[in-house]
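One structure is given here, and the rest of the page talks about it.
None of the values given here were measured: they were computed from a predicted structure.
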Amino acid sequence: AALSRRYVLCEVVSEDPRCRQCIEDRAVGLAVRDAIGRVHGDYGLACCSISFTVKYLNAYTGTVLLRCRKDSYRLLCSALPFVRQLESRNQRHPCFLNTLHVGGTVRTCQKFLIQYNRRQLLTLLQNCTNEEERRCVQKSLLSCSLTEEQSQSGDEEDDDGTE
């Protein structure tokens, strides 16, 4: 039987503009593991660590995709609100992780993210103050699509596809 996994899509939210620079796989992974350890102890950390990984990360948008086993995703999700900071080069940057979506495949998370980004851009479009801003946002809206080359990761085959 295929190993069931869950993908948790989050965004890093911070008022500190320097926080963007420290969003890296290692920092996010350590912060999440630390939170799981504090909330669920060694047992919870062991359960979550088996298949846990930072699958995708975009420092520019603050988007993070975490992967874990299906049977431990609730432990993971319940610990995410306790992530309070990311640490990079001995500097701590206060932030929190906002869970956007939990899916059974990378592809469902990608589809969700496209819709989410489109809604964010539409909100931006309504708040544009001049024609130049409008053109930039409209161009971004048109570029929101799922292209085939994004789904090259071999992860799709070993998922059961249930949501």
Side-chain angles (χ1 to χ4, degrees), residues 5-36 38-39 48 52-68 73-156 159 161-163:
R5 297 207 172 112
R6 284 294 171 265
Y7 295 87
V8 182
L9 186 66
C10 306
E11 65 179 343
V12 178
V13 181
S14 177
E15 289 173 14
D16 180 1
R18 293 167 307 165
C19 187
R20 286 263 186 261
Q21 294 141 26
C22 73
I23 301 174
E24 51 195 30
D25 295 32
R26 199 175 154 278
V28 173
L30 285 171
V32 171
R33 282 189 179 93
D34 176 64
I36 295 168
R38 280 183 287 132
V39 177
C48 289
F52 173 77
T53 184
V54 178
K55 193 75 190 140
Y56 167 80
L57 191 139
N58 184 329
Y60 181 69
T61 59
T63 307
V64 177
L65 186 64
L66 307 171
R67 184 191 77 194
C68 65
Y73 87 92
R74 284 187 183 88
L75 285 173
L76 172 69
C77 289
S78 64
L80 291 178
F82 295 91
V83 172
R84 295 274 179 251
Q85 63 190 15
L86 289 179
E87 203 166 328
S88 176
R89 298 177 200 88
N90 294 328
Q91 288 217 296
R92 292 185 176 142
H93 302 279
C95 67
F96 67 91
L97 293 178
N98 180 25
T99 303
L100 301 174
H101 182 73
V102 177
T105 64
V106 173
R107 193 161 183 82
T108 57
C109 291
Q110 284 176 328
K111 285 178 178 170
F112 172 85
L113 191 57
I114 288 161
Q115 292 306 315
Y116 177 77
N117 287 339
R118 201 172 272 148
R119 285 193 304 273
Q120 299 287 89
L121 284 166
L122 283 168
T123 305
L124 277 176
L125 191 60
Q126 290 163 355
N127 297 328
C128 285
T129 54
N130 61 43
E131 208 42 51
E132 181 60 29
E133 278 182 14
R134 286 187 76 81
R135 270 198 299 276
C136 286
V137 173
Q138 282 169 333
K139 191 177 170 199
S140 295
L141 267 166
L142 292 171
S143 70
C144 282
S145 66
L146 190 62
T147 54
E148 282 309 307
E149 64 262 22
Q150 284 177 317
S151 61
Q152 284 176 342
S153 83
D155 261 339
E156 299 300 319
D159 284 323
T162 56
E163 294 296 306

Rounded distance (nearest 0.5 Å) linking atom [atom1] of [X] with atom [atom2] of [Y]:
{"X": "Gln85", "Y": "Asp34", "atom1": "CD", "atom2": "CG", "value": "8.0 Å"}
{"X": "Tyr73", "Y": "Cys48", "atom1": "OH", "atom2": "SG", "value": "12.5 Å"}
{"X": "Thr123", "Y": "Gln120", "atom1": "OG1", "atom2": "CD", "value": "6.0 Å"}
{"X": "Arg5", "Y": "Cys68", "atom1": "CZ", "atom2": "SG", "value": "10.0 Å"}
{"X": "Leu76", "Y": "Arg33", "atom1": "CG", "atom2": "CZ", "value": "10.5 Å"}
{"X": "Gln115", "Y": "Leu100", "atom1": "CD", "atom2": "CG", "value": "13.5 Å"}

Do the non-hydrogen side-chain atoms of [X] and [Y] ever get within less than 4.5 Å of each other?
{"X": "Leu97", "Y": "Val13", "value": "no"}
{"X": "Tyr116", "Y": "Glu11", "value": "yes"}
{"X": "Val54", "Y": "Val64", "value": "yes"}
{"X": "Ser88", "Y": "Glu24", "value": "yes"}
{"X": "Leu80", "Y": "Leu66", "value": "yes"}
{"X": "Tyr7", "Y": "Leu9", "value": "no"}

Minimum heavy-atom separation for [X] to [Y], with atom names?
{"X": "Glu132", "Y": "Arg135", "answer": "OE1-NH2, 3.1 Å"}
{"X": "Ser14", "Y": "Cys95", "answer": "CB-CB, 3.7 Å"}
{"X": "Thr108", "Y": "Gly103", "answer": "OG1-CA, 3.7 Å"}
{"X": "Glu133", "Y": "Cys128", "answer": "OE1-CA, 3.4 Å"}
{"X": "Gly104", "Y": "Arg6", "answer": "CA-NH1, 3.5 Å"}
{"X": "Cys77", "Y": "Val102", "answer": "SG-CG2, 4.0 Å"}

Which residues share a salt bridge (Lys or Arg N to Asp or Glu O under 4.0 Å) with Glu15, sequence neighbours left out: none

Working for side-chain contact (heavy atoms from CB on, under 4.5 Å), residues Val32 and Phe52: CA-CA 10 Å; Val32 171; Phe52 173 77; 3.7 Å; yes

Neighbour count above 12 (heavy atom, 6.0 Å) for [X] [atom1]:
{"X": "Arg26", "atom1": "CZ", "answer": "no"}
{"X": "Arg74", "atom1": "CZ", "answer": "no"}
{"X": "Phe82", "atom1": "CZ", "answer": "no"}

